[in-house]
Amino acid sequence: MSACVPTRAADSSRTKRIHRPHSPPPPRPRRFRIAGADVSASIAVFLIALPLSLGIALATGAPLQAGLVAAAVGGLVAGWLGGSALQVSGPAAGLTVVTADLIHRYGWRTTCAITVLAGLAQLGLGCLRVARTALAVSPAIVHGMLAGIGVTIAVAQLHIVLGGTPQSSVLANLRALPAQLAGLAPAAVSVSVLTLTLLLLWPRIPGRVGRLLGKVPAALVAVTGTSAVAALTGLSVPKVDLPSWSSHALAGLPEGPVLGIATAVLTTTLVCSVQSLLGAVAVDKMAAARPGLTARVGRSNLDRELLGQGAANIVSGTLGGLPVAGVAVRSSANVHAGAVSRNSTMLHGVLVVIAALLMVPVLEFIPLASLAALVMAVGIQMVSLHHIRTVTRHREVPVYAVTTLGVVILGVLEGVTLGIAVAVAVALHRLTRTRITHEHDEHDEQEGVHHVHVRGQLTFLAVPRLSRALHLVPQGAHVVVELDGSFMDHAAFEALQDWQNTHTAQGGTVELTGRRAGITIAEPGETPTTGAGTTPPADADTPPTAAGCRCRPWTPWRNHQCERPPSEPPSETSQTSQTSDASDAAGRTGTSSSSGTTGATGAPSPGAARADGPSGHELARGISAFQRHTAPLVRGELARLAREGQQPSQLFLTCADSRLVTSMITSSGPGDLFVVRNVGNLVPPPGEESGDDSVAAAIEYAVDVLKVRSITVCGHSGCGAMQALLTSEPGGAQTPLKRWLRHGLPSLERMADDSRPWARLAGRAPADAVEQLCLTNVVQQLEHLREHESVARALHRGELELHGMYFHVGEAQAYLLTEAFDAGVFDHVTGQVADAEELHSPA
C-alpha cells in the first residue's frame, strides 16, 4: 500500500511546480478585449436604434418602453446566441402591422405571451434545422410583404403627423383622411415637416463637410433637431411619456380563442423568421465586400440564427418587449461602421439599457409627431423601387402586386398566403407554357427539310400540340426537331419516340438537336439511340456514350462544343449544339462562336469536335441561334441605345486572344464597355516614331468624347505576344508582328531592371517567366497610358481612373492591380458580390 502513497518533499509547505524543459509554460488567462472598431460601430448602431425603437413602439400602440426592451434584448441575446455575428436584431418595422393588430385584438399582455410562444416555435424550427427552407420563399413575396407593411405604416402614421389618431385598418385610415386634413394641428405638422426635411437633406450635404457630418445618423439628427426646436419655441405638441419601470406590464397568460392565438403565433413566427434569415444572408453579402472580414467572422449559421432569434423573442416577450427580428437598417450601419465581431451588436444592447435607465428625462423631450414622421419615412422606403424593377425584370409583378394588396387590405398572413398561391400558379403556367412551331424551308441545302421547334418544358400537357405539329410532316421527309428546354417527362418522351420510329420506318429521316440530355443525333435513316441501343428518357442520368454527346448548361453563357472520345472521328452529319442561354432578361448574355474546344494553352483539346463544312455555316448557325433566343430579349435595350447613343462608363483595353470574352468576365452588356483589342494588350506611347494612331485615336475618343470614367488594361495568362517577346531574336526580317511587338520591349526592360520590384500575384509567385512578363506588361502599359495628353489632362482634373487587371484563363480567376502601380501587386477578386440594396431595404 505504501507504494500508492505519493512522494512529498521534505518541506511540504513550499510546493513547487516543476515543468519539463520541453513543456510550454501554462497559458495566461485571456483578458476580454473589445476592438475599437466594435466600440465605434456599436455607438453608430445605438444612435440609429434609439429613435427607431421608440417610433416603432409608438406605431404599434405598445408601451414606449417595449421598444427599448426589444432593442436591448435583440442586441444582447440575439447578438450573443445568433448565428450571424454582424446582424443587429431588435423591433422591426416589418412586424409593426402584425403587432398592432395583435394589441388591438388581444391586448398588450396577451401580445407578449404570443411573442414568447413564437420564440418557442422558432426554437423548435431551429432544432429541426429547417432554416434553409425559409429561403425557398419567392423574393417577390418577401418584397411584396414588406411593401404592403410599408404602405400600412405610412398611412397610419400620416394621421399622427397631421395631429390626429390612426384608425385600426388601412381602409379606415383612408376614409378618415379627408376629415383629418380638414382639422390639421399646425404644431404637429411643423414638427413633422422639419423631421422629414432633416431626414432628406442631411445625407445630401455636399463637399467635405457633408462627408464628415454624414457619419452622424440622419434619424438621430432629425429627432434631436426637432426636439430642440420644439423645446426652444415652446410648441405645444404631445411628447414621449415614459412611465416608471415599476409599472411596466409584463407578459401574461394568453387569453382568446385557441385558433386565433395559434394563427397569431404562426404569423409572428413566419415574419420574424423569414426577415431574420434573409437579413443574415444579406449581411454575408455585405461582409464579403470587406477584405478579410468573412474569414474572421465566418458565414452565418442560419439554424443557429433561428435559435438565437427564438431565445430573444422568449426573453423580450417575458420582459414586456416587442417581437424581435433582424433589422436591415441597423445591420447595414453595423457593417459599414467597421464592426469586426458580435461584440458591437452586444455593446449596442448595453448602451440601449443605459439609455433606458438614465436618459428618461432627455427622451421625454421628443415630440410624438417627430417619431411618427420618422417611422412614416421608413414605411415609404420599404416600397423599394429597386425591388419593383427586379420583380418586373423577372416577370413576377403579379406575385408582388397580389402580396402587397393582400397585406394592405386583409393582413400579413392572408397577403403572404395569396402571394404563395399566385407564385405557384405562375410557376405552373411557365411549366406548361410551351411553344411548338412547324416550318418548311424549301431553300435549305436539303430540299424539303421540315423544322419542328419546341420552346419550353415538354410535359404531358403539351403532347397534343406536339402531335399536331409532328403530323404536319409528310411521309418520307427529312425533319429537324429542335428541343429548346431543360425537361421532358415520360409521356412527352414516349410520344416523340413513337412518332420517330413510325416516321423512320416510312423512309423519313429525323434529326434531334437542342438541350435534351441523353438524346443523340441520328444518322440519316437511323433512329437516335444510346450506346445500349435504346433511347432513355431525357431526364435520365446517363453518361455520354460513343453514339453521341450530352450537353449541359454550365454557365449563363453557353455556346460550347461537344466532346467525343479521342478514338472516334466526328461524324459527317454531326451537328454542333450552338445555343445561347439568354436567361438574363436584361440581355446581359454573350454569344460566341468557336471552332473547337480549347485548353488553357489555346491549342485544341484532343478529341474536340469540330463542325465539318465551311466555317461560314457554323457562324450562320450561331447568328440564327442569336436571332431566335437572345435577340427578343435584348431588342428593347438595343433600341434604347440606338436612340440615345453609346454612353460607356469605361475603356477596356485587352488582348485579341479568342479565349478572353470581355462581356463574360466583366458581366457587362451592350453599351457598358468601349473595348480596344490588340495583340498583347499594348498601349504605344505617343510620339512620331513609336506612336500608333489606331490605339491613340481610341483612347482620345473614349476620354475626350465619350467621357469614360476609367480605363482598364487587362492582360491574361498564356499570352502568345509575351511568349514571342521572350523568345524573339534580335535582327531578322521586320514582319508586321515584330514591328508591333516593339511596343512591348519596355516591359521586358522593366522586368530585367533589378532596381524595380517585380510585379506579382497576391498569395503566390508567378508560375514562370511568361506570367511574370504578362503582369509586368500590364503595369508598363499603364505608365504608357499616363503619357497620352488626353489621359494626363483627365487624371489631373480627377475625372479619370486607371486600373490594371490580369485574367488567368485556366483558373477562370481575375486579379486586380492594387492602387500602388509601382509595387505591381495583383490581388484576386472573390466570387462573392455584396448586394447593398438588400440591406438598405428598411425592415
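Each residue takes its place number in the sequence, starting with 1.
Counting only heavy atoms from C-beta outward, the side chains of Leu512 and Gln500 approach each other to under 4.5 Å. Residues His387 and Val142 are not in side-chain contact: their nearest non-hydrogen atoms beyond the backbone lie 4.5 Å or more apart. Looking only at side-chain heavy atoms (C-beta outward), Met805 and Ile665 come within less than 4.5 Å of each other. At least one side-chain heavy atom of Leu706 sits less than 4.5 Å from a side-chain heavy atom of Gln646. A heavy-atom distance below 4.5 Å is not found between the side chains of Thr417 and Glu414. Counting heavy atoms from C-beta outward, Leu483 and Leu496 have side chains that approach closer than 4.5 Å.
In terms of heavy atoms, Gly148 sits closest to Val408 at O-CG2, 3.6 Å. Between His808 and Glu811, the shortest heavy-atom distance links the atoms ND1-N, 3.1 Å. Ser710 approaches His803 most closely through the heavy-atom pair CB-CD2, 3.8 Å. Looking at every heavy atom in both residues, Leu660 comes nearest to Cys714 through CD2-SG, 4.4 Å. Contact between Ala469 and His438 at its shortest, heavy atoms only, is O-CD2, 4.1 Å. Scanning both residues, Val402 and Gly419, for their nearest heavy atoms gives CG1-N, 4.4 Å.
Residue Arg677 qualifies as enclosed at atom CZ: its count of foreign heavy atoms under 6.0 Å is above 12. Annotation: Arg395, atom CZ; neighbour count of heavy atoms from other residues, nucleotides and ligands within 6.0 Å does not exceed 12. Surrounding CZ of Arg640 are more than 12 heavy atoms belonging to other residues, nucleotides or ligands, all under 6.0 Å away. Crowding of Gln475 atom CD: a count of heavy atoms from other residues, nucleotides or ligands under 6.0 Å not exceeding 12.
Evaluated for a side chain to side chain contact (heavy atoms under 4.5 Å, CB included) with Gln650, the options Val675, Asp672, Leu673 yield exactly one hit, Leu673.
One distance of note links OG1 of Thr403 with CD1 of Ile141; it measures 5.5 Å at 0.5 Å rounding. To the nearest 0.5 Å, atoms CZ (Arg455) and CD1 (Ile436) are separated by 12.0 Å. With rounding to the nearest 0.5 Å, the separation of CG in Asp498 from CG in Leu470 is 11.0 Å. Note that CG of Asp489 and CD of Glu494 are 10.0 Å apart. Values are rounded to the nearest 0.5 Å. To the nearest 0.5 Å, atom OG1 of residue Thr502 and atom NE2 of residue His471 are 7.5 Å apart. Here CD of Glu482 is found 9.5 Å from CD of Glu439. Values are rounded to the nearest 0.5 Å.
For the residue pair Thr509 and His478, a side-chain donor N or O sits within less than 3.5 Å of a side-chain acceptor on the partner.
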side-chain contact (heavy atoms from CB on, under 4.5 Å) evaluation trace for Glu396 with Val426: CA-CA 8 Å; Glu396 292 185 331; Val426 169; 5.5 Å; no
Residues Thr712, Thr666; criterion side-chain contact (heavy atoms from CB on, under 4.5 Å); working and verdict: CA-CA 11 Å; Thr712 301; Thr666 60; over 6 Å; no
Test side-chain contact (heavy atoms from CB on, under 4.5 Å) applied to Val510 and Thr504, step by step: CA-CA 7 Å; Val510 179; Thr504 54; 4.0 Å; yes
Stepwise side-chain contact (heavy atoms from CB on, under 4.5 Å) test for Asp657 and Val809: CA-CA 11 Å; Asp657 193 293; Val809 177; 5.8 Å; no
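Using the six-membered ring where Trp is involved, Tyr806 and Tyr815 have ring planes that are tilted, between 30° and 60° apart. Using cut-offs of 30° and 60° on the angle between ring planes, the pair Phe674 and Tyr701 is tilted.
Under a 3.5 Å cut-off, the side chain of Ser624 and the backbone N or O of Ala620 do not form any donor-acceptor pair. Using modelled atom types, one side-chain atom of Thr404 and one backbone atom of Gly144 make a donor-acceptor pair closer than 3.5 Å. Using modelled atom types, no side-chain atom of Arg659 and backbone atom of His716 make a donor-acceptor pair closer than 3.5 Å.
Residues passing the ring pair (Phe, Tyr, Trp, His ring centres under 6.0 Å) test with His503 are Trp499, sequence neighbours excluded.
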